[in-house]
Amino acid sequence: MLNVNIFGEVVKGGSVQLSALNTALNALMAAGGVSEIGSVRHIELLRGDIRKKIDLYAFLNNPSVQFQYDLQHNDILYVPVAQKVVNLEGAVKRPMRYELAGKEGLKDLIAFAGGVLYNANVDLIQIERQTGAAPILTEYRLNEVLEGKVVVELLDGDIIRLRPSSVPLEQITSVEGAVYYPGNFAWKEGQKLVDVLSKAQLKPQTSTDLYFVERTLTDGTKKLFKVAGKDANSFALSAKDRVLVYDQANFANQL
């Protein structure tokens, strides 16, 4: 058995006894882990005149790193107070608090978080910073940060927000009613009513004498078109048109 002394910002400091097969990471777990204000980037393993720095973020990509920090009897582990902690919120894979070391900046932070989500707004990332008198908000283009065109330094206490994109689908046409496949369909310039009806597939009981197309105009008002079945081949659809198809039993009620 080994005796390891653990000091600094851990939940339960003091001496712990471990088998010789354990590593520094196991010793930290035996001490209850790093405290809320403790550093996970600058932990020190002290053995006489030897000082090894332990960065727990190294385990994110390579768990085998822990075996570089084997323990010997009477080793000392020291956990200092974290100096630069930021909060990352929003459209990243691991939104949480992160500790940064050295010259690590915004691009490094996003990498620690596992990257951005598929629906991240690539045009905007915001940093809220407390300057003493009042907080300030700065904004950057996310794609420029990820490409390294813009280098952004972060400070202790920064809050970084990456918003998901909320832009709705625009280039679509929807079909509702007596079809096998109701819902949204891709729209392109010059698309005719018959094209989207062929995708939605009319049911046998569908009335093919008349179709209804609801269109939202530029001023926000709506206009309803009645399209005869014979004109479906020539009636051009606009983006976001809503096509209403009725079965024969309900068709008379719509006239």
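These figures come from a predicted structure and were not determined experimentally. Note that the numbering runs from 1 along the sequence shown for the chain.
- Partners of Asn3 by side-chain contact (heavy atoms from CB on, under 4.5 Å), not counting sequence neighbours, listed by chain and number: Asn5, Ser15, Gln17, His73, Asn74.
- The other members of the hydrophobic cluster of Tyr78, by chain and number, are Phe7, Leu46, Ile76 (side-chain heavy atoms under 4.5 Å, ILVMFWY only).
- Taking NZ of Lys222 as the reference point, atom CZ of Arg215 lies at 12.0 Å (rounded to 0.5 Å).
- In terms of heavy atoms, Lys93 sits closest to Val116 at CE-O, 3.9 Å.
- Side-chain atoms of Gln201 never come within 3.5 Å of backbone atoms of Ser198 as a donor-acceptor pair (strictly under, hydrogens ignored).
- Transitive grouping of hydrophobic side chains (ILVMFWY, heavy atoms separated by less than 4.5 Å) keeps Val243 and Ile172 in distinct clusters.
- Val227 and Ala232 get closest at one heavy-atom pair: CG1-N, 4.3 Å.
- Judged by the 6.0 Å distance and 45° axis criteria, Arg94 is not positioned over the aromatic ring of Phe112.
- Side-chain N/O atoms of Glu99 and Ser39 include a donor and acceptor closer than 3.5 Å.
- Shown here are the side-chain contact (heavy atoms from CB on, under 4.5 Å) partners of Thr221, two or more places apart in sequence or in another chain: Leu217, Asp219.
- A continuous path of hydrophobic side-chain contacts links Tyr57 to Val79 [ILVMFWY only; heavy atoms under 4.5 Å].
- With sequence neighbours excluded, no residue satisfies salt bridge (Lys or Arg N to Asp or Glu O under 4.0 Å) with Asp156.
- Side-chain contact between Asp55 and Ile43 is absent, with no heavy-atom pair separated by less than 4.5 Å.
- Ring-centre distance between Tyr246 and Tyr211: not below the 6.0 Å cut-off.
- Side chains of Leu155 and Arg129 form a contact here, defined as non-hydrogen atoms less than 4.5 Å apart.
- The line from CD of Gln191 to CG of Asp241 is 9.5 Å long, rounded to the nearest 0.5 Å.
- A salt bridge is absent between Lys53 and Glu44: the closest approach of a Lys/Arg side-chain nitrogen to an acidic carboxylate oxygen does not fall below 4.0 angstrom.
- Of all the heavy atoms in Asp75 and Gln72, the pair that sits closest is OD2-N, 2.7 Å.
- Residues Thr23 and Asn26 have side chains that bring a donor and an acceptor to within less than 3.5 angstrom of each other.
- Put simply, Leu109 and Val85 are part of two different groups of oily side chains (I, L, V, M, F, W, Y) that touch within less than 4.5 Å, one to the next.
- In this structure, the separation between CG on Leu124 and CG on Leu162 is 8.0 Å, given to the nearest 0.5 Å.
- Contact detail for Ala27 and Leu71: the closest heavy-atom pair is CB-CD1, 4.0 Å.
- Residues Leu117 and Ile160 do not share a hydrophobic cluster, clusters being chains of Ile/Leu/Val/Met/Phe/Trp/Tyr side chains in contact below 4.5 Å.
- Between the side chains of Thr216 and Lys240, not a single donor N or O lies within less than 3.5 Å of an accepting N or O.
- The CG atom of Leu169 sits 11.0 Å away from atom OG of Ser174, with the distance rounded to the nearest 0.5 Å.
- Between Ala31 and Ile6, the shortest heavy-atom distance links the atoms CB-CD1, 3.7 Å.
- Gln126 and Arg163 share a side-chain donor-acceptor pair at under 3.5 Å.
- Between the NZ atom in Lys107 and the NZ atom in Lys149 there is a gap of 11.5 Å [rounded to 0.5 Å].
- Within the 4.5 Å cutoff, the side chain of Pro182 has no heavy atoms near those of the Glu176 side chain.
- Connection of Leu244 to Val194 is not established within any shared hydrophobic cluster, with ILVMFWY side chains joined at heavy-atom distances below 4.5 Å, either directly or through further cluster members.
- At least one side-chain heavy atom of Arg41 sits under 4.5 Å from a side-chain heavy atom of Glu104.
- Through direct or relayed side-chain contacts under 4.5 Å between Ile, Leu, Val, Met, Phe, Trp and Tyr, Val11 connects to no other residue.
- Within the structure, the ring-ring contact (aromatic ring centres under 6.0 Å, His included) test picks out no pair touching residues 159-193 (sequence neighbours left out).
- Judged by distance alone, with hydrogens and angles left aside, the side-chain atoms of Lys192 form a donor-acceptor pair with the main-chain N or O of Gly190 at under 3.5 Å.
- Considering OH of Tyr98 and CG of Leu100, their distance stands at 10.5 Å, rounded to 0.5 Å.
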Q.
Test side chain to side chain donor-acceptor pair (under 3.5 Å) on Ser234 and Asp231; report intermediate values, then the result.
A. CA-CA 5 Å; Ser234 58; Asp231 296 327; 4.5 Å; no
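- In terms of heavy-atom proximity, Ala120 sits nearest to Leu142 at CB-CD2, 4.4 Å.
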